[in-house]
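So that the names make sense, note that chain A is the first sequence line, chain B the second, and so on, each numbered from 1.
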Amino acid sequence: MDIIVCVKHVPETAEAELKIDATGKGIEKAGLVFDINEWDDYALEEAVRMKEKFGGTVTAITVGPEDSESTLRKCLARGADKAIRLTDPKFASSDAYATAKILHSVIKNLHFDLILTGAQAGDDGSAVVGPVLAELLGIPHATMVKKIEFTNGKAIVNRELEGGLEERLEVKLPALFTVQTGINEPRYVSIMGIRKAMQKEVKVMGLADIGLSENDVGEAGSWLRIEKLYVPPVEKQTEFLKGSPDEIATKIVEILKSRGLI
Amino acid sequence: MAEIFVLAEHRQGQLRDITFEMLTKARELAEKANAEPAAVILGKNVKDYAKNLADYAKKVLLVEDEKLENFNSEAYQKVLSHLIKDYKPLLTIIGHTSYGVELAPRLAAALNIPLATDCIDLAFEGEAFTITRQMYSGKVNVKAALRKSESYMVTVRQAAFQAQKPPTPLNGQIVEVPSPLTEEIVTKRFLEYVLPPPGGVDITAAEVLVGIGRGIKDQSNIPMVEELAKTLGGVLACSRPIVDKGWLPSDRQVGTSGKTVKPKLYIALGISGAFQHVLGMKNSDLIIAVNKDPKAPIFSFSDYGVVEDLFKVVPVLKNKISDLKAQKGIA
Ligand SMILES: Cc1cc2nc3c(=O)[nH]c(=O)nc-3n(C[C@H](O)[C@H](O)[C@H](O)COP(=O)(O)OP(=O)(O)OC[C@H]3O[C@@H](n4cnc5c(N)ncnc54)[C@H](O)[C@@H]3O)c2cc1C
């Protein structure tokens, strides 16, 4: 089975302090740690497990500047066979739609039985690239997938709905699935894997190589144009409890007592 | 007059809340944009829903078909493409739910209609249609304009808009549209619903919940917080990554894909406050959050906030509560 996994190199922002940059349309990237998008990590693991079970190849592909190479290296170290990085100054300001078009222009020329992506990217949370790519390729898709099985040349997948409910779908192959977290337990990278990955080639392609025009990509080829970023207004004014851990604990106890909770 | 379409969402015999949230926003937008709100309902035997929706919209487009009994994005895409080409709505609003995420991006690409997903606000401003959404798990808001078009599409976040009944029912006209589905959908078929495994602990019944997130770092730290929960006479709940890692069973998960809880006290420890989590707990009576990041979004939903390492606060807090209980002779 030949599987393509689309991955994105994203900043880890859960614990980081974010600053809006001078343009007002992005965040300052300096000082942030980047890694493979959490959802893509599960997608890659799922692909590598399938390869181990059924044979075939795994190709990791990303749209991103040079520093996103480290995410592709990680994919190679974890079991991907090939890696492709699509990059061009003209790709800047591409939204999810333009990104899907860029991916499509290359993937349409590759052989695949299955395409996996993350259910969303942790930075913009759009959840758009996967299904748009499936539409451009004319193959069926399913999003937020938590289980994938195969019978008689078809896939049976569990999709996550709300409140813990799931649905089972039968999908014809080739297909594209966007993977939800928790579908598996991504493995750690072995030293052997890292060494092997260093020897593998990352293919780099730009606008001229993929047969799209300037108008298909970047802001011109996008649905969305960012006007400004700002810090969200607070919904509820928190009262911050300050002091040493001991003083804080005392304050919490007082609050709980006054509310009859202890 | 151009329509603003709202795709009614229903499952297992019920119209889902987001439908009414979207209709409320559609009414407000329609007034400004000189358009009219139209509900679109697809399904099998859903005439009763159409009657209900008519109170909220000027028009209800009803498409009934055996093949629409259960949600299938391919069937929905065919029907909606047909309706959108026919009516050319100014805007189509779909929920950013498990159904909307499956349907909207592909539908928009097929029709070449600009789409913005997971929006928390929408506005027609002069010539432009702008939206507000979030990035970086709620740490930043973004205002963006959609590419100029005759028709737009958005998916909107659950609970972003408050559902309100119109002062007087709109008495919308119900238009029965013949189903354009001629053949079975064979590329993707719905098989069945899979219910969550029966749970041991019902966190929705607990009066006190101690919720833990990725800040707990390691499974070996769970007994420490379990102690705190017990001392408070409560139970442990958690964010999604804790379940994904297998550290707690799925019946402990709070949020859109877990449980919605409303305890007397919710203590959030090392939880950042992604909206999928917050929607499940923000109506708790009292919320206390401990997070070492002063900018964590959880603080904008909390009554009390503590910017500190949870590992420094939790043991002291637990001891103080135990001591107090011992004094009172109830330990
Ligand atoms: C379709 C979909 C459905 C989802 N459903 C749910 C759901 O039902 N429930 C849910 O919870 N999530 C859900 N999510 C995931 C959600 O988007 C977030 O990824 C998740 O809630 C983050 O969990 P967290 O806050 O524990 O982790 P993180 O976002 O990683 O946050 C960890 C926090 O811990 C803090 N921290 C770290 N160390 C310490 C310390 N020593 N002391 C104090 N604080 C510390 C950090 O500052 C940070 O704020 C869903 C996502 C999708 C796409």
Between the side chains of E167(A) and K188(B), is the shortest nitrogen-to-carboxylate-oxygen separation below 4.0 Å, so that they form an ion pair? no
Interchain contact, L18(A) with chain B, by part (heavy-atom threshold 4.5 Å): side chain
Testing the 3.5 Å rule here: is there a donor-acceptor pair between the side chains of S98(B) and E160(A)? no
Part of I120(B) within contact of chain A (heavy atom distance under 4.5 Å): neither
Could you look at T132(B) and say if it's the side chain, the backbone, both or neither that has a heavy atom under 4.5 Å from chain A? side chain
Contacting moiety of E207(B), where chain A heavy atoms sit under 4.5 Å: neither
Residue T130(B) versus chain A: region with a heavy atom under 4.5 Å: side chain
Side chain, backbone, both or neither: which part of I287(B) has a non-hydrogen atom closer than 4.5 Å to chain A? side chain
By a 4.5 Å heavy-atom criterion (distance strictly below it), what part of L133(A) contacts chain B: side chain, backbone, both, or neither? neither
With the side chain counted from C-beta on, respond yes when N112(B) and W223(A) share a heavy-atom pair under 4.5 Å apart, and no when they do not. yes
Do the side chain of K139(B) and the main chain of A16(A) share a donor and acceptor less than 3.5 angstrom apart? yes
Any side-chain heavy-atom pair from K320(B) and D246(A) closer than 4.5 angstrom? yes
E308(B) portion near chain A, given a 4.5 angstrom heavy-atom threshold: side chain
So, the part of I288(B) with a heavy atom under 4.5 Å from chain A: the answer is side chain
N158(A) versus chain B, the contacting section by heavy-atom distance below 4.5 Å: side chain
Taking side chain as everything from C-beta outward and backbone as N, CA, C, O, which of these in D285(B) sits under 4.5 Å from a heavy atom of chain A? Side chain, backbone, both or neither. backbone
For F301(B), all residues meeting ring-ring contact (aromatic ring centres under 6.0 Å, His included), sequence neighbours excluded: none
Between K148(B) and chain A, which part of the residue has a heavy atom less than 4.5 Å away: side chain, backbone, both or neither? neither
Taking only Lys NZ, Arg NE, NH1 and NH2, and the carboxylate oxygens of Asp or Glu, determine whether E38(A) and R240(B) approach each other closer than 4.0 Å. no
Between I252(A), I156(A), V231(A), which has the largest tally of heavy atom pairs under 4.5 Å with chain B? I252(A)
L224(A) portion near chain B, given a 4.5 angstrom heavy-atom threshold: both
Let me know if A104(B) has heavy atoms under 4.5 Å from chain A in its side chain, its backbone, both or neither. neither
Does any backbone or side-chain atom of E192(B) lie under 4.5 Å from a heavy atom of chain A? Answer side chain, backbone, both or neither. both
Would you mind telling me which of I139(A), V10(A), L136(A) has the largest number of heavy-atom pairs within less than 4.5 Å of chain B? I139(A)
Check each atom of S149(B) against the heavy atoms of chain A and say whether the ones under 4.5 Å are side chain, backbone, both or neither. neither
Tell me, side chain or backbone of S222(A) under 4.5 Å from chain B's heavy atoms, or both, or neither? backbone
Region of K257(A) in contact with chain B, defined by heavy-atom distances below 4.5 Å: side chain
Applying a strict 4.5 Å limit to non-hydrogen atoms, the region of A145(B) in contact with chain A is both
Options M144(A), Q180(A), E219(A), ranked by heavy-atom pairs under 4.5 Å with chain B, top entry: Q180(A)
Taking side chain to side chain contact (heavy atoms under 4.5 Å, CB included) as the criterion, tell me which of N184(A), T181(A), I183(A) meets it with D244(B). T181(A)
Side chain, backbone, both or neither of L256(A) within contact of chain B (heavy atoms, under 4.5 Å): side chain
Atom group of N141(B) that falls short of 4.5 Å from chain A, counting heavy atoms: both
Measure the CZ-NE2 distance between R106(B) and H141(A) for me, rounded to the nearest 0.5 Å. 6.0 Å
